[in-house]
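Sharing a structure here in C-alpha coordinates format.
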Amino acid sequence: MSLPLVTTAERRHRLGRRHRLAPSARAATVAEAADSVVALHATDAATVFLSARARLTEGGPDLIERALYEDVSLVRLLSMRNTLFAVSAELAPHVDCSTARAIAVKERRTLLKHLDEDGQGLDAAWLARAETAVLDALDTHGPSTGGQLSAAVPALRQKITIGRGKKYETEQGVATRVIRLLAADGRIRRDRPRGSWTSSQYRWVHTEPWPALPVAESRAEIARRWLHAYGPATEADLKWWTGWTLTDTRKALAAVGPDQVRLEDGTTALVSPGDTAPEPAPEPWAALLPGLDPTAMGWADRGFHLDPAHRSALFDYAGNIGPTVWWNGEIVGGWAQRPDGEIVWRLLAAPGRAAERAITAEASRLAAWVGAARITPRFRTPLERELVA
(Lines give C-alpha, C1' and ligand atoms only; values in the text may rest on other atoms or scores of the structure.)
Protein backbone atom coordinates (compact mmCIF):
# COMPACT_ATOMS: atom_id res chain seq x y z
CA MET A 1 0.00 0.00 0.00
CA SER A 2 1.37 3.41 -0.97
CA LEU A 3 2.12 5.95 1.73
CA PRO A 4 0.20 9.24 1.99
CA LEU A 5 1.98 12.09 0.20
CA VAL A 6 2.82 15.26 2.11
CA THR A 7 3.87 18.02 -0.27
CA THR A 8 6.32 20.79 0.49
CA ALA A 9 3.43 23.26 0.43
CA GLU A 10 1.56 21.23 3.04
CA ARG A 11 4.66 21.07 5.25
CA ARG A 12 4.81 24.86 5.15
CA HIS A 13 1.09 25.05 5.93
CA ARG A 14 1.68 22.89 9.02
CA LEU A 15 4.57 25.11 10.05
CA GLY A 16 2.42 28.25 9.92
CA ARG A 17 -0.44 26.75 11.91
CA ARG A 18 1.32 24.52 14.42
CA HIS A 19 4.15 26.90 15.18
CA ARG A 20 1.49 29.60 15.67
CA LEU A 21 3.03 32.00 13.18
CA ALA A 22 -0.07 32.49 11.04
CA PRO A 23 -2.16 35.34 12.53
CA SER A 24 -5.26 33.25 13.28
CA ALA A 25 -3.15 30.56 14.97
CA ARG A 26 -1.26 32.77 17.42
CA ALA A 27 -1.26 31.86 21.10
CA ALA A 28 -2.97 33.64 23.95
CA THR A 29 -0.38 32.70 26.58
CA VAL A 30 3.39 32.48 26.65
CA ALA A 31 3.25 28.84 27.73
CA GLU A 32 1.10 28.01 24.68
CA ALA A 33 3.59 29.81 22.44
CA ALA A 34 6.43 27.72 23.84
CA ASP A 35 4.48 24.47 23.65
CA SER A 36 3.72 25.09 19.97
CA VAL A 37 7.40 24.48 19.19
CA VAL A 38 8.04 22.28 22.27
CA ALA A 39 10.79 24.60 23.56
CA LEU A 40 12.17 28.08 22.91
CA HIS A 41 15.93 28.54 22.57
CA ALA A 42 17.18 30.50 25.56
CA THR A 43 20.96 30.75 25.11
CA ASP A 44 20.40 34.34 24.01
CA ALA A 45 18.08 36.11 26.44
CA ALA A 46 16.39 38.12 23.69
CA THR A 47 15.53 35.02 21.68
CA VAL A 48 12.99 33.81 24.25
CA PHE A 49 11.17 37.13 24.11
CA LEU A 50 11.29 37.60 20.35
CA SER A 51 10.31 33.99 19.63
CA ALA A 52 7.35 34.23 22.00
CA ARG A 53 6.36 37.63 20.60
CA ALA A 54 6.07 36.25 17.07
CA ARG A 55 3.57 33.65 18.29
CA LEU A 56 1.40 35.73 20.63
CA THR A 57 -1.84 37.50 19.79
CA GLU A 58 -0.93 40.46 21.99
CA GLY A 59 1.19 41.62 24.90
CA GLY A 60 4.64 43.18 25.32
CA PRO A 61 7.86 42.10 27.05
CA ASP A 62 6.14 42.46 30.43
CA LEU A 63 3.81 39.57 29.57
CA ILE A 64 6.79 37.27 28.95
CA GLU A 65 8.60 38.54 32.05
CA ARG A 66 5.51 37.70 34.09
CA ALA A 67 5.53 34.14 32.69
CA LEU A 68 9.23 33.71 33.49
CA TYR A 69 9.50 35.40 36.88
CA GLU A 70 6.08 35.75 38.52
CA ASP A 71 3.71 32.90 37.67
CA VAL A 72 6.69 30.82 36.42
CA SER A 73 4.64 29.21 33.66
CA LEU A 74 7.81 29.30 31.52
CA VAL A 75 11.12 28.00 32.86
CA ARG A 76 14.68 27.73 31.54
CA LEU A 77 16.38 24.34 31.56
CA LEU A 78 19.78 23.14 30.37
CA SER A 79 18.50 20.32 28.21
CA MET A 80 18.38 19.32 24.53
CA ARG A 81 21.85 19.23 22.95
CA ASN A 82 23.26 20.58 26.23
CA THR A 83 21.63 23.90 25.32
CA LEU A 84 19.53 26.28 27.42
CA PHE A 85 15.84 26.15 26.48
CA ALA A 86 12.67 27.71 27.89
CA VAL A 87 9.73 25.32 28.23
CA SER A 88 6.29 25.43 29.79
CA ALA A 89 6.06 24.42 33.44
CA GLU A 90 3.75 21.61 32.35
CA LEU A 91 6.39 20.11 30.05
CA ALA A 92 9.40 20.87 32.28
CA PRO A 93 9.31 17.61 34.31
CA HIS A 94 9.41 15.60 31.08
CA VAL A 95 12.29 17.67 29.68
CA ASP A 96 14.10 17.32 32.98
CA CYS A 97 13.77 13.54 33.19
CA SER A 98 14.24 12.82 29.48
CA THR A 99 17.30 14.98 28.97
CA ALA A 100 18.36 17.43 31.68
CA ARG A 101 19.02 14.80 34.38
CA ALA A 102 21.67 13.06 32.31
CA ILE A 103 23.33 16.41 31.56
CA ALA A 104 23.37 17.29 35.27
CA VAL A 105 25.03 13.97 36.12
CA LYS A 106 27.71 14.61 33.50
CA GLU A 107 28.23 18.18 34.72
CA ARG A 108 28.76 16.95 38.29
CA ARG A 109 31.15 14.22 37.20
CA THR A 110 33.18 16.73 35.18
CA LEU A 111 33.45 19.22 38.05
CA LEU A 112 34.45 16.52 40.54
CA LYS A 113 37.14 15.36 38.12
CA HIS A 114 38.54 18.90 37.88
CA LEU A 115 38.49 19.26 41.68
CA ASP A 116 40.35 15.98 42.09
CA GLU A 117 42.96 16.83 39.46
CA ASP A 118 43.54 20.24 41.04
CA GLY A 119 45.12 18.54 44.07
CA GLN A 120 43.86 20.85 46.82
CA GLY A 121 41.80 18.15 48.51
CA LEU A 122 38.49 19.46 47.23
CA ASP A 123 36.05 16.57 46.85
CA ALA A 124 32.36 15.64 46.73
CA ALA A 125 31.93 16.52 50.41
CA TRP A 126 33.44 19.97 49.85
CA LEU A 127 31.17 20.49 46.84
CA ALA A 128 28.08 19.46 48.82
CA ARG A 129 28.94 21.97 51.55
CA ALA A 130 29.47 24.71 48.96
CA GLU A 131 26.11 23.96 47.34
CA THR A 132 24.35 24.00 50.71
CA ALA A 133 25.96 27.34 51.51
CA VAL A 134 24.69 28.81 48.23
CA LEU A 135 21.14 27.65 48.94
CA ASP A 136 21.35 29.04 52.49
CA ALA A 137 22.56 32.38 51.11
CA LEU A 138 19.62 32.54 48.70
CA ASP A 139 17.20 31.72 51.52
CA THR A 140 18.76 34.50 53.61
CA HIS A 141 19.26 37.23 51.01
CA GLY A 142 16.66 36.41 48.37
CA PRO A 143 17.29 36.63 44.61
CA SER A 144 21.02 37.16 44.07
CA THR A 145 23.46 37.48 41.19
CA GLY A 146 26.49 35.29 40.84
CA GLY A 147 28.65 38.12 42.15
CA GLN A 148 26.45 38.59 45.21
CA LEU A 149 26.55 34.85 45.91
CA SER A 150 30.34 34.85 45.67
CA ALA A 151 30.48 37.68 48.18
CA ALA A 152 28.22 35.76 50.57
CA VAL A 153 29.73 32.27 50.14
CA PRO A 154 33.53 32.06 50.61
CA ALA A 155 33.69 28.66 48.91
CA LEU A 156 32.62 30.26 45.64
CA ARG A 157 35.77 32.36 45.68
CA GLN A 158 37.90 29.21 45.49
CA LYS A 159 40.13 28.93 42.41
CA ILE A 160 41.28 25.72 40.76
CA THR A 161 43.73 24.93 37.98
CA ILE A 162 42.35 23.20 34.90
CA GLY A 163 44.78 21.10 32.81
CA ARG A 164 47.70 21.46 35.20
CA GLY A 165 51.01 20.96 33.36
CA LYS A 166 49.40 21.07 29.92
CA LYS A 167 49.48 23.71 27.20
CA TYR A 168 45.91 24.76 28.00
CA GLU A 169 46.53 25.09 31.77
CA THR A 170 44.39 27.84 33.22
CA GLU A 171 43.21 29.00 36.62
CA GLN A 172 39.46 29.36 37.04
CA GLY A 173 37.05 30.28 39.80
CA VAL A 174 34.48 27.65 40.78
CA ALA A 175 31.54 30.03 41.24
CA THR A 176 30.15 29.72 37.72
CA ARG A 177 30.57 25.94 37.73
CA VAL A 178 28.87 25.43 41.10
CA ILE A 179 25.98 27.73 40.18
CA ARG A 180 25.61 25.99 36.81
CA LEU A 181 25.50 22.63 38.57
CA LEU A 182 22.82 23.75 41.01
CA ALA A 183 20.77 25.04 38.09
CA ALA A 184 21.24 21.80 36.16
CA ASP A 185 20.02 19.89 39.21
CA GLY A 186 16.92 22.09 39.38
CA ARG A 187 17.75 23.43 42.84
CA ILE A 188 18.04 27.03 41.67
CA ARG A 189 16.53 28.87 38.70
CA ARG A 190 17.14 32.08 36.83
CA ASP A 191 15.13 35.05 38.09
CA ARG A 192 14.92 38.61 36.79
CA PRO A 193 18.17 39.91 35.26
CA ARG A 194 19.94 43.00 36.51
CA GLY A 195 19.18 44.89 33.31
CA SER A 196 16.36 44.79 30.79
CA TRP A 197 14.76 41.75 29.18
CA THR A 198 17.71 41.52 26.77
CA SER A 199 20.21 40.97 29.62
CA SER A 200 21.70 37.59 30.61
CA GLN A 201 23.02 38.78 33.99
CA TYR A 202 20.42 36.84 35.95
CA ARG A 203 19.63 36.73 39.60
CA TRP A 204 19.15 33.28 41.09
CA VAL A 205 16.48 31.92 43.43
CA HIS A 206 16.21 28.72 45.46
CA THR A 207 13.63 26.32 44.05
CA GLU A 208 12.56 22.70 44.33
CA PRO A 209 13.73 20.11 41.78
CA TRP A 210 11.19 18.77 39.30
CA PRO A 211 9.41 15.53 40.25
CA ALA A 212 11.05 12.34 39.05
CA LEU A 213 9.25 10.62 36.17
CA PRO A 214 10.09 7.43 34.28
CA VAL A 215 12.75 8.33 31.72
CA ALA A 216 11.21 6.27 28.93
CA GLU A 217 7.81 7.86 29.53
CA SER A 218 9.28 11.35 29.42
CA ARG A 219 11.22 10.68 26.22
CA ALA A 220 8.07 9.37 24.58
CA GLU A 221 6.20 12.52 25.62
CA ILE A 222 8.90 14.75 24.14
CA ALA A 223 8.92 12.70 20.92
CA ARG A 224 5.12 12.86 20.69
CA ARG A 225 5.01 16.63 21.06
CA TRP A 226 7.95 17.11 18.72
CA LEU A 227 6.33 14.98 16.00
CA HIS A 228 3.12 16.99 16.24
CA ALA A 229 4.99 20.28 15.89
CA TYR A 230 7.72 19.28 13.42
CA GLY A 231 6.38 16.29 11.49
CA PRO A 232 6.81 15.18 8.79
CA ALA A 233 10.34 14.60 10.03
CA THR A 234 12.86 11.83 10.35
CA GLU A 235 14.49 9.78 13.05
CA ALA A 236 17.70 11.70 12.29
CA ASP A 237 15.90 15.02 12.82
CA LEU A 238 14.65 13.99 16.28
CA LYS A 239 18.04 12.57 17.26
CA TRP A 240 19.71 15.85 16.27
CA TRP A 241 17.10 18.05 17.96
CA THR A 242 17.18 16.21 21.29
CA GLY A 243 20.82 15.16 21.41
CA TRP A 244 19.72 11.65 22.45
CA THR A 245 21.53 8.52 21.33
CA LEU A 246 20.15 6.71 18.30
CA THR A 247 18.96 3.87 20.53
CA ASP A 248 17.06 6.22 22.86
CA THR A 249 15.57 8.06 19.89
CA ARG A 250 14.31 4.85 18.34
CA LYS A 251 12.83 3.64 21.63
CA ALA A 252 10.98 6.94 22.11
CA LEU A 253 9.58 6.83 18.58
CA ALA A 254 8.55 3.21 18.99
CA ALA A 255 6.59 4.19 22.11
CA VAL A 256 4.78 6.89 20.12
CA GLY A 257 4.05 4.64 17.14
CA PRO A 258 4.27 7.26 14.37
CA ASP A 259 2.78 6.89 10.90
CA GLN A 260 4.89 7.11 7.77
CA VAL A 261 4.32 9.49 4.88
CA ARG A 262 6.03 10.07 1.56
CA LEU A 263 7.63 13.41 0.73
CA GLU A 264 7.88 14.97 -2.72
CA ASP A 265 11.50 13.92 -3.14
CA GLY A 266 10.47 10.30 -2.65
CA THR A 267 11.87 9.90 0.87
CA THR A 268 9.89 8.60 3.85
CA ALA A 269 9.18 10.67 6.94
CA LEU A 270 7.30 10.31 10.21
CA VAL A 271 4.19 12.04 11.57
CA SER A 272 2.10 11.62 14.71
CA PRO A 273 -0.27 8.64 14.67
CA GLY A 274 -3.19 9.46 12.36
CA ASP A 275 -1.71 12.80 11.33
CA THR A 276 -1.67 12.12 7.58
CA ALA A 277 -4.52 14.29 6.30
CA PRO A 278 -3.68 17.34 4.13
CA GLU A 279 -3.13 20.53 6.12
CA PRO A 280 -5.41 23.42 5.10
CA ALA A 281 -3.55 26.49 3.96
CA PRO A 282 -3.52 29.27 6.57
CA GLU A 283 -3.98 32.88 5.58
CA PRO A 284 -0.80 34.49 4.15
CA TRP A 285 1.67 35.31 6.88
CA ALA A 286 5.01 37.03 7.36
CA ALA A 287 7.32 36.73 10.35
CA LEU A 288 10.61 38.18 11.54
CA LEU A 289 12.10 35.51 13.78
CA PRO A 290 15.18 35.95 15.97
CA GLY A 291 18.46 34.11 15.74
CA LEU A 292 18.16 30.50 16.98
CA ASP A 293 14.38 30.55 16.70
CA PRO A 294 13.14 26.94 17.02
CA THR A 295 11.24 27.03 13.73
CA ALA A 296 14.49 27.62 11.88
CA MET A 297 16.39 25.09 14.03
CA GLY A 298 13.83 22.30 14.37
CA TRP A 299 15.21 19.86 11.81
CA ALA A 300 18.64 18.57 10.84
CA ASP A 301 17.46 18.84 7.21
CA ARG A 302 15.77 22.22 6.61
CA GLY A 303 15.56 22.01 2.83
CA PHE A 304 11.78 22.38 2.68
CA HIS A 305 11.84 25.89 4.15
CA LEU A 306 15.38 27.12 3.37
CA ASP A 307 17.12 27.41 0.02
CA PRO A 308 20.63 25.97 0.56
CA ALA A 309 22.02 28.94 -1.39
CA HIS A 310 21.05 31.21 1.54
CA ARG A 311 22.90 29.28 4.25
CA SER A 312 26.17 31.19 3.99
CA ALA A 313 24.40 34.51 4.62
CA LEU A 314 22.15 33.35 7.44
CA PHE A 315 24.35 30.97 9.49
CA ASP A 316 27.55 31.49 11.45
CA TYR A 317 30.57 29.18 11.23
CA ALA A 318 29.19 26.91 13.99
CA GLY A 319 25.81 26.35 12.35
CA ASN A 320 23.78 28.86 14.38
CA ILE A 321 21.13 30.66 12.36
CA GLY A 322 20.69 34.41 12.66
CA PRO A 323 17.54 36.57 12.43
CA THR A 324 15.33 35.45 9.55
CA VAL A 325 12.47 36.82 7.43
CA TRP A 326 9.69 34.36 6.60
CA TRP A 327 6.88 34.33 4.07
CA ASN A 328 4.29 31.55 4.15
CA GLY A 329 6.57 28.95 5.67
CA GLU A 330 9.77 29.75 3.79
CA ILE A 331 12.85 31.73 4.79
CA VAL A 332 13.14 34.53 2.25
CA GLY A 333 15.63 36.89 3.93
CA GLY A 334 17.22 38.21 7.08
CA TRP A 335 16.85 41.21 9.37
CA ALA A 336 18.78 43.19 11.98
CA GLN A 337 18.40 46.10 14.37
CA ARG A 338 20.77 49.02 13.88
CA PRO A 339 22.23 50.96 16.82
CA ASP A 340 19.61 53.70 16.40
CA GLY A 341 16.83 51.11 16.81
CA GLU A 342 15.80 50.86 13.16
CA ILE A 343 14.70 47.39 12.03
CA VAL A 344 16.18 46.68 8.60
CA TRP A 345 15.76 43.61 6.42
CA ARG A 346 16.87 42.21 3.09
CA LEU A 347 15.21 39.66 0.83
CA LEU A 348 17.27 36.78 -0.52
CA ALA A 349 14.38 35.59 -2.68
CA ALA A 350 11.63 37.32 -4.68
CA PRO A 351 8.35 36.45 -2.92
CA GLY A 352 6.34 39.24 -4.60
CA ARG A 353 4.79 42.57 -3.71
CA ALA A 354 2.18 41.17 -1.33
CA ALA A 355 4.97 39.55 0.67
CA GLU A 356 7.01 42.74 0.76
CA ARG A 357 4.03 44.70 2.08
CA ALA A 358 3.38 42.09 4.76
CA ILE A 359 7.05 41.95 5.76
CA THR A 360 7.19 45.74 5.99
CA ALA A 361 4.15 45.71 8.27
CA GLU A 362 5.66 42.98 10.42
CA ALA A 363 8.94 44.90 10.71
CA SER A 364 6.99 47.92 11.95
CA ARG A 365 5.15 45.75 14.44
CA LEU A 366 8.45 44.36 15.71
CA ALA A 367 10.01 47.82 16.03
CA ALA A 368 7.06 49.07 18.06
CA TRP A 369 7.22 46.00 20.31
CA VAL A 370 10.96 46.27 20.93
CA GLY A 371 10.76 49.99 21.64
CA ALA A 372 13.93 51.42 23.20
CA ALA A 373 15.59 48.01 23.68
CA ARG A 374 18.62 47.14 21.57
CA ILE A 375 19.18 43.62 20.29
CA THR A 376 22.54 42.19 19.29
CA PRO A 377 22.39 38.43 18.62
CA ARG A 378 24.90 36.41 20.59
CA PHE A 379 25.80 34.55 17.40
CA ARG A 380 26.52 37.06 14.65
CA THR A 381 25.91 35.98 11.05
CA PRO A 382 27.18 37.53 7.80
CA LEU A 383 23.89 39.09 6.68
CA GLU A 384 23.05 40.42 10.15
CA ARG A 385 26.46 42.08 10.45
CA GLU A 386 26.14 43.55 6.97
CA LEU A 387 22.70 44.99 7.65
CA VAL A 388 23.88 46.60 10.89
CA ALA A 389 26.90 48.11 9.19
Side-chain angles (χ1 to χ4, degrees), residues 41-48 68-69 75-86 96 99-164 166 168-207 209-210 243 292 318 320 376-379:
H41 279 265
T43 304
D44 191 329
T47 294
V48 176
L68 284 166
Y69 309 125
V75 294
R76 296 180 175 94
L77 292 176
L78 185 65
S79 49
M80 285 72 71
R81 302 192 309 282
N82 204 21
T83 299
L84 192 65
F85 282 87
D96 181 64
T99 309
R101 290 289 84 233
I103 293 173
V105 169
K106 185 177 180 180
E107 291 275 329
R108 182 170 295 277
R109 184 167 59 242
T110 299
L111 179 54
L112 287 173
K113 179 175 180 287
H114 287 321
L115 293 177
D116 180 62
E117 292 175 346
D118 182 55
Q120 298 185 61
L122 307 180
D123 56 13
W126 178 89
L127 178 57
R129 291 193 297 272
E131 291 175 303
T132 298
V134 171
L135 299 179
D136 289 344
L138 289 173
D139 291 340
T140 300
H141 302 293
S144 305
T145 64
Q148 290 169 332
L149 287 172
S150 291
V153 179
L156 293 187
R157 300 194 291 273
Q158 177 74 45
K159 293 185 182 295
I160 60 174
T161 300
I162 306 295
R164 188 181 297 278
K166 300 179 180 178
Y168 56 84
E169 177 180 321
T170 181
E171 187 179 65
Q172 295 181 359
V174 301
T176 299
R177 291 176 178 269
V178 173
I179 290 170
R180 178 182 172 89
L181 184 55
L182 284 167
D185 276 339
R187 291 189 285 170
I188 63 175
R189 65 170 174 82
R190 292 164 178 81
D191 199 59
R192 289 184 181 275
R194 293 185 63 184
S196 73
W197 55 269
T198 64
S199 171
S200 295
Q201 296 184 12
Y202 300 108
R203 296 176 175 89
W204 298 91
V205 293
H206 188 179
T207 189
W210 298 102
L292 297 179
N320 300 303
T376 302
R378 178 169 295 187
F379 303 103

Inset, instruction - Verify, without hydrogens or angle tests, whether Thr83 (side chain) and Arg81 (backbone) share a donor-acceptor contact under 3.5 angstrom. - result: yes
Inset, instruction - I would like to know whether Ile162 and Glu169 meet side chain to side chain contact (heavy atoms under 4.5 Å, CB included); could you show each step before the answer? - result: CA-CA 6 Å; Ile162 306 295; Glu169 177 180 321; over 6 Å; no
Legend entry - From CA spacing to verdict: side chain to side chain contact (heavy atoms under 4.5 Å, CB included), Thr43, Thr47: CA-CA 8 Å; Thr43 304; Thr47 294; over 6 Å; no
Legend entry - Within-4.5 Å side-chain heavy-atom neighbours: Leu138 and Val205: no
Inset, instruction - Specify the closest pair of heavy atoms between Trp197 and Ala45, including all atoms of both residues, with the distance to one decimal. - result: O-CB, 3.9 Å
Inset, instruction - Considering non-hydrogen atoms only, spot the tightest contact between Ala184 and Ala104 and give its length. - result: O-CB, 3.6 Å
Inset, instruction - Measure the CD-OG distance between Gln158 and Ser150 for me, rounded to the nearest 0.5 Å. - result: 12.0 Å
Inset, instruction - Please answer whether the main-chain N or O of Gly142 pairs with a side-chain N or O of Ser144 as donor and acceptor at a distance below 3.5 Å. - result: yes
Legend entry - Inter-residue atom distance His41.NE2 - Phe379.CZ, 0.5 Å rounding: 10.0 Å
Legend entry - Heavy-atom pair with the smallest gap, counting every atom of Leu84 and Leu78: CD1-N, 3.8 Å
Inset, instruction - Look up atom CG in Asp191 and atom CZ in Arg76, then write down how far apart they are to the nearest 0.5 Å. - result: 9.5 Å
Inset, instruction - Begin with the C-alpha distance, continue with both residues' side-chain angles, and end with the deciding distance and a verdict on side chain to side chain contact (heavy atoms under 4.5 Å, CB included) for Glu107 and Asn82. - result: CA-CA 10 Å; Glu107 291 275 329; Asn82 204 21; 4.2 Å; yes
Legend entry - Heavy-atom closest pair, residues Ala137 and Val153: CB-CG2, 3.9 Å
Inset, instruction - Report, as yes or no, whether the 6.0 Å neighbourhood of atom CZ on Arg164 holds more than 12 heavy atoms from other residues, nucleotides or ligands. - result: yes
Legend entry - Atom pair CD1/CZ of Ile188 and Arg180 - distance to nearest 0.5 Å: 11.5 Å
Inset, instruction - Give, for atom CZ of Arg177 and atom CD1 of Ile160, the distance between the pair rounded to the nearest 0.5 Å. - result: 6.0 Å
Inset, instruction - Report yes if some heavy atom in the side chain of Phe85 is under 4.5 Å from a heavy atom in the side chain of Leu77; otherwise report no. - result: no
Legend entry - Lys113 side chain reached by Leu111 side chain, heavy atoms, under 4.5 Å: no
Inset, instruction - Starting at CZ of Arg101, measure out to CG of Asp185 and round the result to the nearest 0.5 Å. - result: 5.0 Å
Inset, instruction - Taking Gln120 for its side chain and Lys159 for its backbone only, find out whether a donor-acceptor pair lies under 3.5 Å. - result: yes
Legend entry - Heavy-atom closest pair, residues Ala152 and Pro154: O-CD, 3.6 Å
Inset, instruction - Kindly say whether Thr145 contributes a backbone atom to a donor-acceptor pair with the side chain of Gln148 at under 3.5 angstrom? - result: yes
Legend entry - Heavy-atom closest pair, residues Leu115 and Leu122: CB-O, 3.5 Å
Legend entry - Check against side chain to side chain contact (heavy atoms under 4.5 Å, CB included), Leu181 and Leu127: CA-CA 10 Å; Leu181 184 55; Leu127 178 57; 3.9 Å; yes
Legend entry - Sub-4.5 Å side-chain heavy-atom contact between Asp116 and Asp123: no
Inset, instruction - Indicate yes or no: at least one non-hydrogen side-chain atom of Tyr202 is less than 4.5 angstrom from one of Arg194. - result: no
Legend entry - Partner set under salt bridge (charged side-chain N to carboxylate O under 4.0 Å, His left out) for Glu131, not counting sequence neighbours: Arg108, Arg187
Legend entry - Within-4.5 Å side-chain heavy-atom neighbours: Trp126 and Val174: yes
Inset, instruction - Please answer whether the main-chain N or O of Leu68 pairs with a side-chain N or O of Arg190 as donor and acceptor at a distance below 3.5 Å. - result: no
Legend entry - Distance-only donor-acceptor check, side chains Arg378 and Ser200, under 3.5 Å: yes
Inset, instruction - Kindly indicate whether the side chain of Trp204, heavy atoms from C-beta on, has any atom under 4.5 Å from the side chain of Ile179. - result: yes
Legend entry - Pairwise side-chain contact, His114 with Gln172, heavy-atom cut-off 4.5 Å (strictly under): no
Legend entry - Arg203 side chain vs Pro193 backbone, donor-acceptor pair below 3.5 Å: yes
Legend entry - Short side-chain to backbone donor-acceptor contact, Asp118 and Thr161, under 3.5 Å: yes
